[in-house]
There are 2 protein chains.
Amino acid sequence: MMQRQAPLYARLEAYIASKGLRSTTQRRCIADAFFSGPRHLTIEELLARVREQDPQIGYATVYRTLKLFAECGLAAERDFGDGRTRYELSDESNEHHHDHLICLVCGKIIEFHNEKIEALQIKVADKLGFRIERHNHEIYGSCASCVASEAR
Amino acid sequence: MMQRQAPLYARLEAYIASKGLRSTTQRRCIADAFFSGPRHLTIEELLARVREQDPQIGYATVYRTLKLFAECGLAAERDFGDGRTRYELSDESNEHHHDHLICLVCGKIIEFHNEKIEALQIKVADKLGFRIERHNHEIYGSCASCVASEAR
DNA sequence: GTAATTGCAAATGGTTTGCATGTAA
DNA sequence: TTACATGCAAACCATTTGCAATTAC
């Protein structure tokens with residue numbers, strides 16, 4: 001376990017304890033894969049990482065465990081329109097909130113954060129008396145390298 | 001057919017003719033329901049409207065026809081995270097582009113448009129050399145009336 | 001006439017669930 | 001000891017597809 005992931009483990013263990021759940025080898029293994037892995041992984045990708053450590057882990061366990069992580073606020077579910085749910089560290093587990101640019105050519109996912117957009121969203125909602133809980137903001141198109149290789 | 005929907009019919013018929021497809025009673029009936037109905041309808045809702053006119057129409061036909069409308073640029077598919085795809089008139093069939101606020105309590109869908117947000121998105125993408133094709137921007141929370149009834 | 005379209009039912013595919021077995025506390 | 005968790009297979013559910021019958025042109 002890397003140093004910077006220790007707080008995430010601690011939060012997970014605290015949640016598990018507070019709910020009367022159990023700390024299992026599978027959950028710890030999936031937590032390892034999720035906390036240290038690349039962002040925006042699908043269940044399938046996560047399962048592959050997890051099975052490098054323990055080939056016996058079933059895919060239903062990964063589904064259930066990521067739902068658990070989402071429930072306790074460690075993970076966020078993302079839908080980028082390709083039919084598979086992706087998981088990433090939640091905003092609070094992370095440095096800060098971010099949104100995404102998704103390359104339709106190579107599949108690359110780029111994170112962005114723009115304070116002005118965030119502020120304007122709040123303004124739009126306020127004007128309508130709407131109380132914001134969360135938002136999705138995804139920009140689809142072609143990333144710089146795909147635009148470049150297309151031009152060739 | 002109402003006056004303001006005539007251009008939409010014309011575009012549909014033009015597309016159908018240009019592709020060597022056929023103008024069927026089912027397609028015209030589904031077009032009626034879609035062009036004149038409320039926005040953001042699911043296939044199931046659309047099917048119900050369509051069957052008021054012609055109870056024989058099958059649901060696969062509605063799926064196929066809405067895909068056709070999307071293909072020819074008349075319809076836009078929307079995913080508000082509840083597992084059902086919704087269809088609305090595309091930006092070009094409509095007055096202008098818009099995004100959505102979705103009430104998680106009552107399900108109300110409110111449209112919004114903010115030029116500053118649009119401009120900032122382009123700025124974010126430009127800085128990364130990313131070419132935008134489209135975007136999703138959804139704000140989830142509680143609408144004014146649900147916030148009010150909660151306060152009671 | 002013939003190629004596109006329809007309606008039905010079956011297939012698909014990601015995700016969820018029931019259940020018998022295993023295991024943490 | 002006794003709930004909770006796991007792994008498997010089956011179920012789910014929105015959507016898609018194969019196919020025989022129908023229809024537009």
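In this text, all values refer to a predicted model and were calculated from it rather than measured experimentally. Sequence lines set the chain letters: A, B, ... in the order given, protein chains first and strands last, and positions in each chain run from 1. When reading the values below, keep in mind they use all heavy atoms of this one structure, side chains included, and skip hydrogens, waters and symmetry mates.
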| said: What verdict does the side chain to side chain contact (heavy atoms under 4.5 Å, CB included) test give for Lys116(B) and Gln121(B), after you've listed the backbone C-alpha separation in whole Å, the side-chain angles of each residue and the deciding distance to 0.1 Å? | reply: CA-CA 9 Å; Lys116(B) 287 181 192 162; Gln121(B) 274 181 96; over 6 Å; no
To the nearest Å, how far apart are [X] [atom1] and [N] [atom2]?
X        : N       : atom1 : atom2 : result
Tyr15(A) : dA5(D)  : OH    : P     : 11 Å
Glu71(A) : dC4(D)  : CD    : C1'   : 14 Å
Asp79(A) : dG13(C) : CG    : P     : 18 Å
Leu47(A) : dG13(C) : CG    : P     : 18 Å
Leu12(A) : dA5(D)  : CG    : C1'   : 14 Å
Asp54(A) : dA5(D)  : CG    : P     : 17 Å
Glu44(A) : dG14(C) : CD    : P     : 7 Å

| query | Does Gln26(B) put a side-chain nitrogen or oxygen below 4.0 Å from OP1 or OP2 of dG7(C)? | reply | yes
| query | Ring centroid separation for His40(A) and Tyr87(A), is it under 6.0 angstrom? | reply |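 Between Tyr87(A) and His40(A), which both carry aromatic rings, the centre distance is not below 6.0 Å.
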| query | With ring centroids as reference points, do His100(A) and His113(A) lie under 6.0 angstrom apart? | reply | no
| Between Gln56(B) and Gly20(B), who's closer to the 5' end of DNA chain C by nearest nucleotide? |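 The answer here is Gly20(B).
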| remark: Scanning both residues in full, the closest heavy-atom pair of Tyr140(B) with Leu104(B) reads CD2-CD2, 3.7 Å
| Under 4.0 Å protein heavy-atom contact, by nucleotide of nucleotides 15-25 of chain C - B base, S sugar-phosphate only | BBBB-----BS
Does the distance from a Lys or Arg side-chain N to an Asp or Glu carboxylate O, for [X] and [Y], drop under 4.0 Å?
X        : Y         : result
Arg78(A) : Glu138(A) : no
Lys19(B) : Glu71(B)  : no
Glu44(A) : Arg84(A)  : no
Glu92(A) : Arg11(A)  : yes

| said: Report for the helix from dG1(C)-dC25(D) to dA25(C)-dT1(D): angle between first-end and last-end helix axes, five pairs each, rounded to 10 degrees. | reply: 30°
| query | When Phe112(A) is tested against each of His98(A), His97(A), His137(A) for ring pair (Phe, Tyr, Trp, His ring centres under 6.0 Å), which residue passes? | reply | His137(A)
